[in-house]
Amino acid sequence: MQHFFVVPDQVRDGYIEITGSDVNHMKNVLRMKTGEQLEISDGNNKKYLCEIESLEADKVTARILEEREAENELPSKLYLFQGLPKSDKMELIIQKAVELGAWEVIPVATKRAVVKLDQKKAAKKRERWSGISESAAKQAGRNVIPEIKQVMNFREALSYAKSLDVLLIPYELAEGMQATKERIQAIQPGQSVGIFIGPEGGFEQEEVKLAMEAGAYPITLGRRILRTETAGMTMLSVLMYHLEQE
C-alpha cells in the first residue's frame, strides 16, 4: 500500500488533502485512481487508512476510513552526526539511517573529510538528501520524515548536540567492549541520543578530545575497523534492538 505524508492542517472533517509534488507522483507515476486505498501519516503520531475520492490538477482528496495512533517510532530520538563521506555514500547512509529509526541526520565537515562543500553545493546536496529521507520514510512506514540538517563543522555539531541526553562517539582507539555494552544498556527509552561517526579517515584525536569535553563517551564497535557507512548503521541497529523491547 502506498504511504504519504501530510501536516496536521491538511486533515479536516474526515478528509485529507494532498498537495505539492505528491499529486503529480500519484497521478502520473503511480497512476492511482479514485477508490484506491492508501496510508497517510500526519507527522504527529497519527496514521490514517484512506480512500481516494478525487484527483484534481493541484490536489488529491482522500476520505479517512480509519484513524489510529502510530506505534512505529522508536521510544528515543536518535541523532546521527555523520562525517561527510566520499562519493555518494551519504545517500546510502541517509536511506539506511531513516529505515533504522534515526530522528535526524546531521552532516558534519570534520578535519579528515575529503569532501568540501561550499554553501551553494551544500544546499543542493541537502535538497537531494531530504528527498532520499522522505522516500526512505515512506518505504519504512515511518510516521515522520527525518530532517536532514544543513552541513555543520565539528564545533557547531557539538554545540547542537549539547542538549541531548547521551552522546556516543565510536572511536577505533577506544577499548573495552564490556564498558561499551554497559554504556548502551544504561540508555533509557525517552532519552535523546547523539551518535558521532567519523568520515573515511576517522576522527582527529583533537576532535575526540573536544567531543569528550562536551560529554561524549568514546565507545568501541569491536576489533574490526568499520567503514564510515557501516559504523552508523551498526550503532543505530544496536540502539534500535536495545530500545525496542516490546
Practice item. Check the pair L100 / L239 against side chain to side chain contact (heavy atoms under 4.5 Å, CB included), numbers first and verdict last. Key: CA-CA 9 Å; L100 289 166; L239 289 168; over 6 Å; no
Before accepting this row, confirm whether a basic side-chain N of the pair [X]/[Y] lies closer than 4.0 Å to the acidic partner's carboxylate O.
X    : Y    : result
K111 : E207 : no
K96  : E99  : yes
R128 : E91  : yes

Within a strict 4.5 Å, meaning less than it, do heavy atoms of the [X] and [Y] side chains meet?
X    : Y    : answer
Y48  : D42  : yes
P146 : V105 : no
L158 : F196 : yes
E244 : L74  : yes
Q82  : V108 : no
W129 : V151 : yes
V193 : K77  : no
E229 : P85  : no

For the pair [X] (side chain) and [Y] (backbone), establish whether a donor and an acceptor sit closer than 3.5 Å, ignoring hydrogens and angles.
X    : Y    : result
E156 : N153 : yes
T180 : T220 : yes
S159 : R155 : no
S237 : M233 : yes
S76  : G190 : yes
R142 : A137 : no
K27  : E56  : yes
E134 : G131 : no
T19  : K59  : no
S41  : F5   : no

Revision key, fill the gap. Paired with E200, the side-chain hydrogen bond (donor to acceptor under 3.5 Å, both in side chains) test is passed by just one of K89, K86, R227, namely K89
To the nearest 0.5 angstrom, please state how far the [atom1] atom of [X] sits from the [atom2] atom of [Y].
X    : Y    : atom1 : atom2 : answer
M90  : I148 : CE    : CD1   : 7.0 Å
L38  : I18  : CG    : CD1   : 5.5 Å
I16  : E51  : CD1   : CD    : 13.0 Å
K209 : E204 : NZ    : CD    : 13.5 Å
I197 : L236 : CD1   : CG    : 8.0 Å
M1   : Q37  : CE    : CD    : 5.0 Å

Point to revise | Over 12 non-hydrogen atoms of neighbours within 6.0 angstrom of CD in E213 | key: yes
Review point. Near M212 CE, under 6.0 Å, is it more than 12 heavy atoms from other residues, nucleotides or ligands?
Key: no
Review point. Checking side chain to side chain contact (heavy atoms under 4.5 Å, CB included) for the pair R12/E17: CA distance, chi angles, key distance, verdict?
Key: CA-CA 8 Å; R12 61 177 75 90; E17 285 190 355; 4.0 Å; yes
State plainly whether one hydrophobic cluster holds both [X] and [Y], where clusters connect Ile, Leu, Val, Met, Phe, Trp and Tyr through side-chain heavy atoms under 4.5 angstrom apart.
X    : Y    : value
V98  : F4   : no
I187 : M240 : yes
V208 : M152 : yes
I52  : L65  : no
I40  : L49  : no

How close do [X] and [Y] get, counting heavy atoms only, and between which atoms?
X    : Y    : value
L84  : P107 : CD2-CB, 3.8 Å
K33  : L55  : C-CD1, 4.0 Å
L80  : G232 : CD1-CA, 4.3 Å
V23  : A57  : CG1-O, 3.9 Å
S192 : Y79  : CB-CE1, 4.2 Å

Check your understanding: What's the verdict on side chain to side chain contact (heavy atoms under 4.5 Å, CB included) for I219 and I169, showing C-alpha distance, side-chain angles and the deciding distance?
Key -> CA-CA 6 Å; I219 61 173; I169 182 165; over 6 Å; no
Point to revise | salt bridge (charged side-chain N to carboxylate O under 4.0 Å, His left out), paired with E39, selected from K46, R68, K138 | key: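 Testing E39 for a salt bridge (charged side-chain N to carboxylate O under 4.0 Å, His left out) against K46, R68, K138 leaves exactly one candidate, R68.
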Point to revise | Verdict with reasoning, K149 to Y160, per side chain to side chain contact (heavy atoms under 4.5 Å, CB included) | key: CA-CA 11 Å; K149 304 296 286 188; Y160 184 71; 3.5 Å; yes
Point to revise | Face-on cation placement of R63 at Y15 ring, 6.0 Å and 45° thresholds | key: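 Pair R63/Y15 does not count as cation-pi.
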Review point. Hey, would you say the F154 and F203 ring centroids sit under 6.0 Å apart?
Key: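 Distance test on ring centres: under 6.0 Å, yes.
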